[in-house]
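Structure, as structure tokens:
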Amino acid sequence: MLLIPHNSHISTTTMGTKMCRVLGLAIAVLFLATPLASAACNKDDLKALLSFNSSFPPHTLPDWINTEDCCSWAGIHCDDGTGRVTSLLFSNDDFNDFEPIDLVGNMPPSVGDLSELVGIRFSILPNLVGPLPHQLSKLKKLKNISIYNTNLSGPIPSFLSQLPALERLDMSASQFTGSIPPSLGSLAKLRYVDLSENGLTGGVPPSLFSRLDGSALATLSLRQNKLAGAVPRSFASVAFGSIDLHGNRLTGDPRFLFGKSKPATTIYLGQNKLSFDLTDVEYPVANLEYLDIGHNEIYGSISEQIKKATKLTYVDMSYNRLCGRIPSGGSFGNITSRDFSHNKCLCGTPLPPCKK
Ligand SMILES: *[C@@H]1O[C@H](CO)[C@@H](O)[C@H](O)[C@H]1NC(C)=O
Ligand SMILES: *[C@@H]1O[C@H](CO)[C@@H](O)[C@H](O)[C@H]1NC(C)=O
Ligand SMILES: *[C@@H]1O[C@H](CO)[C@@H](O)[C@H](O)[C@H]1NC(C)=O
Ligand SMILES: *[C@@H]1O[C@H](CO)[C@@H](O)[C@H](O)[C@H]1NC(C)=O
């Protein structure tokens with residue numbers, strides 16, 4: 001942000017030539033930069049922002065004053081070239097660039113009139129309530145939706161599938177309910193979905209990531225919801241960098257998520273009702289760092305192949321029905337956070353020794 005004093009009077013008569021040159025340069029830089037810094041607020045964007053401003057109680061957005069330069073308002077980011085509003089950033093976390101903010105009420109429909117928006121973030125806003133306005137479906141350039149730690153509620157709207165540019169959808173730690181719309185699977189660029197810590201019910205849609213380019217890594221977190229049914233078989237062909245389904249009511253056999261050449265760093269399946277034989281599972285050893293399959297109904301034994309996962313730092317296989325010797329030695333024995341307790345008959349370090 002360039003701050004240009006309006007009434008600064010610069011006199012060069014008493015200054016040395018060196019100082020003159022430095023000042024001259026500074027003035028030239030300011031002069032060149034001025035058209036960008038003072039680009040007038042686009043009138044359509046301004047209209048939408050004024051409507052947004054008037055949706056909240058007085059003093060919610062104290063520095064939204066000068067209508068000539070809405071791009072300098074807290075929470076607003078504009079494209080330097082076009083001067084159009086490209087992001088809305090209302091966040092009380094480490095990323096915020098303004099004083100703590102409290103948005104009390106609903107998300108205003110006028111957000112949908114900021115037609116050049118690429119990203120929106122509404123986070124750590126406990127008094128932001130109600131459903132997402134359907135006017136958001138007008139935002140054809142939107143790539144990032146980041147909404148977390150709010151009291152927004154209602155469904156994960158199916159109109160999100162009308163946002164063709166969408167790459168990242170984070171609607172976590174809020175009060176969203178209902179099922180995940182299968183139409184999200186029609187979004188070919190969507191590769192990051194975090195709907196964790198809501199009250200979502202129903203199944204995991206098999207269509208999710210089905211149109212994503214196979215070389216793009218997908219991230220999925222549906223942690224801590226009330227989802228039921230099986231993990232979709234179609235996920236066998238999705239390149240998950242990270243998949244977190246911890247804390248749901250999922251059943252069945254998702255062994256297709258494993259495989260020694262998969263790219264995953266993170267597989268969290270704990271606290272479900274999964275039931276399968278672990279014996280022949282091949283772990284994605286190249287990148288795997290976090291593996292949680294605890295608190296399920298998994299049986300069989302743990303393959304020695306897991307010892308090739310040299311980046312592994314966290315393993316939870318507790319509270320299952322596993323048996324046999326826990327692989328030991330090498331980097332596997334060195335993993336600091338690992339839990340194999342409460343199984344049927346696992347033995348060996350860190351549990352008591354196996355009987356001969
Ligand atoms: C924003 O709304 C407040 C009232 O809440 C008002 O005082 C202020 O002038 C508005 N800002 C603009 C730029 O109109
Ligand atoms: C989208 O979110 C990611 C991760 O938070 C961030 O790196 C990126 O800059 C965001 N893009 C836009 C356009 O907001
Ligand atoms: C939702 O609202 C309740 C009641 O005001 C509050 O205790 C809670 O922290 C809010 N949740 C979030 C995620 O902000
Ligand atoms: C395991 O830890 C020991 C002691 O810290 C270290 O000497 C050894 O190199 C580690 N082994 C592997 C395979 O990482």
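In this text the structure is predicted, and so the values were computed from the model without any measurement. Just so you know, ligand 1 is whichever comes first in the structure, and atom 1 is the first atom listed for that ligand.
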What do we get for Asn127 next to ligand 3 when only non-hydrogen atoms under 4.0 Å count, side chain, backbone, both or neither?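 It is neither; nothing of Asn127 touches ligand 3.
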Between Ser174 and ligand 3, find which residue part has any heavy-atom pair under 4.0 Å and reply side chain, backbone, both or neither.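 Neither; no heavy atom under 4.0 Å.
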Under 4.0 Å from a heavy atom of [X]: which atoms of ligand 3 are those, numbered in the order shown and with their elements?
X	value
Ala173	13 (C)
Asn151	1 (C), 2 (O), 3 (C), 8 (C), 10 (C), 11 (N), 12 (C), 14 (O)
Thr150	12 (C), 13 (C)

Any ion pair linking [Y] and [X] (charged N to carboxylate O, less than 4.0 Å)?
X	Y	value
Asp45	Arg84	yes
Arg191	Glu167	yes
Lys141	Glu116	yes
Asp113	Lys138	yes

Would you indicate whether Asn151, at its atom CG, is surrounded by more than 12 heavy atoms from other residues, nucleotides or ligands within a distance under 6.0 Å?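 Correct, the count exceeds 12.
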Which ILVMFWY residues are connected to Tyr290, directly or by a chain of links, through side-chain heavy atoms under 4.5 Å apart?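 Once heavy-atom contacts under 4.5 Å are chained together, Tyr290 belongs with Tyr268, Tyr314.
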Taking all non-hydrogen atoms of both residues into account, name the closest pair between Asn272 and Leu250 and its distance.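 Smallest interatomic distance, heavy atoms only, reads OD1-N, 3.0 Å.
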Table of N or O contacts for ligand 1, cutoff 3.5 Å:
residue, atom, partner, partner atom, Å
ligand 1, 2 (O), Asn53, OD1, 3.2
ligand 1, 2 (O), Asn53, ND2, 2.3
ligand 1, 11 (N), Asn53, ND2, 2.9
ligand 1, 11 (N), Trp64, O, 3.0

Are the sulfur (SG) atoms of Cys41 and Cys71 separated by under 2.5 Å?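 Not so, these two cysteines form no disulfide.
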